[in-house]
Amino acid sequence: MFSHVTIGSNDLAKAKSFYDELLKPLGLVRHLEFPTAVGYGRPGGRPQLWVLNPLDEKAATVGNGVTIGLEADNRGSVDAAYKAAMNAGAKDEGAPGLRPHYHPDYYGAYVRDLDGNKICVVCHKKP
């Protein structure tokens with residue numbers, strides 16, 4: 001359904017290190033890199049998640065109510081991505097666990113990246 005998602009950053013070098021670590025447990029890799037943007041996606045695919053300096057050259061800001069949801073293949077990958085994000089400097093917004101108010105098998109974790117963007121890593125599958 002989505003072509004791509006962009007996340008604004010005020011320090012692209014730090015953001016690259018952060019997202020490299022966060023996305024590794026999810027099997028996502030860096031595909032393209034430009035002076036003001038970096039694109040991630042599945043191996044052999046195309047970049048669908050872009051981290052970039054805003055095109056209008058103003059400061060990147062957080063969208064109220066915006067969450068980027070990244071799907072994990074299993075609950076262990078959720079745990080690993082959360083740990084990697086925290087080790088890379090994320091702010092905790094909800095440790096890995098079941099969120100049955102969404103649905104019985106929703107296992108997710110929430111963090112804020114270095115610029116304050118809210119990221120969810122979730123597995124919808126039964127264990």
Side-chain angles (χ1 to χ4, degrees):
M1 180 160 102
F2 295 102
S3 166
H4 62 280
V5 173
T6 62
I7 299 173
S9 176
N10 291 305
D11 188 331
L12 196 58
K14 286 183 180 178
K16 282 189 266 189
S17 294
F18 178 85
Y19 280 97
D20 285 352
E21 294 305 311
L22 169 68
L23 300 174
K24 191 182 310 178
L26 304 177
L28 301 175
V29 297
R30 193 188 302 178
H31 279 283
L32 289 175
E33 191 170 345
F34 299 100
T36 60
V38 60
Y40 296 90
R42 296 187 192 283
R46 61 182 176 78
Q48 292 178 274
L49 176 65
W50 287 92
V51 181
L52 50 80
N53 299 128
L55 296 175
D56 65 6
E57 299 182 357
K58 295 180 183 174
T61 58
V62 177
N64 186 23
V66 174
T67 301
I68 305 300
L70 302 172
E71 191 165 3
D73 288 333
N74 54 60
R75 293 177 182 190
S77 294
V78 173
D79 296 342
Y82 173 82
K83 182 178 179 182
M86 296 303 294
N87 288 339
K91 179 183 172 198
D92 176 40
E93 285 285 324
L98 286 170
R99 304 303 198 280
H101 54 284
Y102 295 132
H103 67 73
D105 297 311
Y106 189 107
Y107 186 88
Y110 295 83
V111 299
R112 295 269 177 183
D113 74 4
L114 305 178
D115 288 285
N117 297 296
K118 191 171 185 180
I119 308 296
C120 169
V121 179
V122 61
C123 176
H124 296 281
K125 300 174 185 175
K126 293 183 184 296

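Since we're looking at a predicted model, the values are computed, not measured.
- Residues Tyr107 and Asp79 have side chains that bring a donor and an acceptor to within less than 3.5 angstrom of each other.
- The main-chain N or O of Asn117 is never found under 3.5 Å from a side-chain atom of Asp115 such that the two would form a donor-acceptor pair.
- Expressed to the nearest 0.5 Å, how far CD of Gln48 lies from CZ of Phe2 amounts to 11.0 Å.
- Side-chain polar atoms of Ser17 and Asp20 form no donor-acceptor pair below 3.5 angstrom.
- A distance of 9.0 Å separates CD of Glu57 from OG1 of Thr36, quoted to the nearest 0.5 Å.
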Checklist entry - Does the pair Tyr110 and Asp92 meet the rule for a side-chain hydrogen bond (donor to acceptor under 3.5 Å, both in side chains), with working shown? => result CA-CA 7 Å; Tyr110 295 83; Asp92 176 40; over 6 Å; no
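- A side-chain donor-acceptor contact under 3.5 Å links Ser9 to the backbone of Asp11.
- Atom NZ of Lys118 is separated from atom CG of Asp113 by 12.5 Å, given to the nearest 0.5 angstrom.
- Using cut-offs of 30° and 60° for the angle between ring planes, the Phe34 and Trp50 rings count as parallel.
- Separating the CD atom in Glu71 from the CG atom in Leu28 is a distance of 11.0 Å, to the nearest 0.5 Å.
- Closest heavy-atom contact between Leu49 and Ile68: CD1-CG2, 4.4 Å.
- In this structure, the separation between NZ on Lys24 and CG on Leu26 is 11.5 Å, given to the nearest 0.5 Å.
- Remark: the backbone N or O of Arg42 is paired with a side-chain donor or acceptor of His31 at under 3.5 angstrom.
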